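Below: the structure, in C-alpha cells.
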Amino acid sequence: MLSGDIPPSQTIYIKNLNEKVKKEELKRSLYALFSQYGRILDVVALKTPKLRGQAWVVFTEITAASNAVRQMQNFPFYDKPMIFDSVQIASLISLRERIQYAKTKSDCIAKEDGSYDKKKKQEEKAERKRRAEEAQQSTMPNGASAQNGGSTASFRHGNSSAQEAVAPNNILFIENLPHEATSMMLEMLFQQYPGFREVRMIEAKPGIAFVEFEDDQQSSMAMQTLQGFKITPQNPMTITFAKK
DNA sequence: AGCACA
C-alpha cells in the first residue's frame with residue numbers, strides 16, 4: 001500500500017492532520033518536521049471546510065520530497081532503543097499513510113519554471129467552484145459536521161494491560177537524544193505545539209528529557225509529529241507518554 | 001476523507 005500511482009514531485013501532500021491546530025502553528029510544525037529532509041520553498045495549509053486537516057510541503061528538490069515520503073514510510077522501527085507499544089505503532093502507521101506526493105504542481109514551482117498560467121488557473125478555480133455548487137444542489141444544504149476530536153490520545157486497542165503502560169499523559173518522555181542536546185534545542189522544537197509548558201532535563205541522565213504540555217491531547221499532537229525527529233542523523237528521538 | 005496555492 002504505497003503512495004499510489006502519483007508520480008514523485010517536489011511537493012508532498014499530507015492528510016489527517018489535527019484540524020484544531022491553528023494554521024500558522026501547523027505550518028511551522030510541518031516546516032520544523034520536514035526541513036530535516038531538505039530546503040522547503042513553501043508550506044500550504046488552508047482551513048476551508050474542504051481543505052482543513054491537509055497540507056502541502058514544497059521542497060526545492062524532488063529527492064528531498066522522496067526522502068520525506070520514504071522516511072515516513074520506513075519509519076525507523078528497528079533503530080529505536082526500546083520496544084514499540086501498540087499505541088506508538090498505530091500512530092506511526094497513521095503517519096505513514098498520511099503522506100503522498102501532491103497530484104499537481106505547486107504554484108510556487110510553476111512560477112519558478114515559467115509554466116505558471118494565471119488565466120488557466122482562474123479557469124480551474126471557476127470550474128471547481130461551479131462543481132462545488134452543483135454538488136451543493138444535489139444534497140440538502142445542511143452543515144453536517146462530523147466532528148471527531150482527531151486525537152491520538154484515545155486509542156482503544158483491546159489489551160488493557162498494554163494500555164496501562166502507555167496511558168496518555170500531558171508529560172512526554174523523550175529518549176535517544178544525542179548527548180549534545182540542550183533543553184533550549186528541545187524547547188525550540190516542542191514550543192511550536194499548542195499547550196507547550198516546559199522542557200526538563202536531568203544533568204545526571206543525558207539522552208532523556210521530559211516535556212510538559214497542558215493536556216494529554218496537546219502532548220499527543222506533539223508526540224505524533226515529532227516522533228523520530230532527528231536532532232542529529234544518528235538519533236531519532238523516541239517519544240512516549242511519561243509514566244504517571 | 002478530503003489535492004491547493006487567502
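Predicted model only: the values in this text are computed from it and were never measured. To find a chain, count down the sequence lines: A is the first, B the second, and so on, and within it residues start at 1.
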Completion exercise
The residue among V21(A), V211(A), L26(A), T225(A) that forms side-chain contact (heavy atoms from CB on, under 4.5 Å) with Y193(A) is T225(A)
Problem - Rounded distance in Å - CG (L26(A)) to C1' (dG2(B)) - result: 15 Å
Handout entry: Separation of dC3(B) P from Y101(A) OH (nearest whole Å)
Key = 19 Å
Handout entry: Rounded interatomic separation in angstrom, taking CD from E123(A) and C1' from dA4(B)
Key = 17 Å
Handout entry: Rounded distance (Å) that lies between atom P of dC5(B) and atom CD of E112(A)
Key = 19 Å
Handout entry: Gap between atom CG of N169(A) and atom CD of E212(A) - 0.5 Å precision
Key = 8.5 Å
Practice task
Rounded off to whole Å, could you give me the CD1-to-P distance for the I14(A) and dG2(B) pair?
Solution key: 16 Å
Exercise for the section: May I ask you to test the K243(A)-F173(A) pair for a side-chain heavy-atom distance under 4.5 Å? Expected result: no
Practice task
Output yes when at least one side-chain N/O atom of R128(A) is less than 4.0 Å from OP1 or OP2 of dG2(B), else no.
Solution key: no
Completion exercise
Winner on side-chain proximity to K121(A), out of dG2(B), dC3(B), dC5(B), is dC5(B)
Practice task
Determine whether the side chains of Q54(A) and Y13(A) contain a donor N or O and an acceptor N or O closer than 3.5 Å.
Solution key: yes
Exercise for the section: Considering just the side-chain nitrogens and oxygens of K105(A), establish if one lies under 4.0 Å of OP1 or OP2 belonging to dA4(B). Expected result: no
Problem - Watson-Crick and G-U pairing of DNA chain B written in dot-bracket, each distance under 3.5 angstrom, with | for inter-strand partners - result: ......
Handout entry: Base dA4(B) to side chain E124(A), donor-acceptor N/O within 3.5 Å cut-off
Key = no
Problem - R197(A) CZ to D215(A) CG distance, which is reported to the nearest 0.5 Å - result: 8.5 Å
Completion exercise
Considering only heavy side-chain atoms of Y13(A), the closest of dG2(B), dA6(B), dA4(B) is dG2(B)
Problem - Salt bridge flag under 4.0 Å for residues E123(A) and K120(A) - result: no
Practice task
Give the rounded distance in Å between these two atoms: CD of Q122(A) and P of dA6(B).
Solution key: 12 Å
Exercise for the section: Rounded to the nearest angstrom, tell me the gap between atom NZ in K125(A) and atom C1' in dA6(B). Expected result: 7 Å
Exercise for the section: Answer yes or no: is there a side-chain heavy-atom contact under 4.5 Å between I239(A) and F190(A)? Expected result: yes
Problem - Any W56(A) side-chain heavy atom under 4.5 Å of V43(A) side chain - result: no
Problem - Within residues 52-59 of chain A: residues closer than 4.0 Å to DNA chain B (heavy atoms) - result: R52(A), G53(A), Q54(A), W56(A)
Handout entry: Side-chain heavy atoms of S220(A) within contact of F241(A), under 4.5 Å
Key = yes
Handout entry: Check: dA6(B) base within 3.5 Å donor-acceptor of T48(A) side chain
Key = no
Practice task
Quickly work out the D42(A) CG to dA6(B) C1' distance and round it to whole Å.
Solution key: 12 Å
Practice task
Kindly indicate whether the side chain of N176(A), heavy atoms from C-beta on, has any atom under 4.5 Å from the side chain of P236(A).
Solution key: yes
Handout entry: Nearest-neighbour nucleotide for the L51(A) side chain, dA6(B), dG2(B), dA4(B) considered
Key = dA4(B)
Problem - Selected nucleotide, minimal atom distance to D107(A) side chain, candidates dA4(B), dC5(B), dA6(B) - result: dC5(B)
Practice task
Output the single nucleotide from dC3(B), dA6(B), dA1(B) whose closest atom is nearest the side chain of Q100(A).
Solution key: dC3(B)
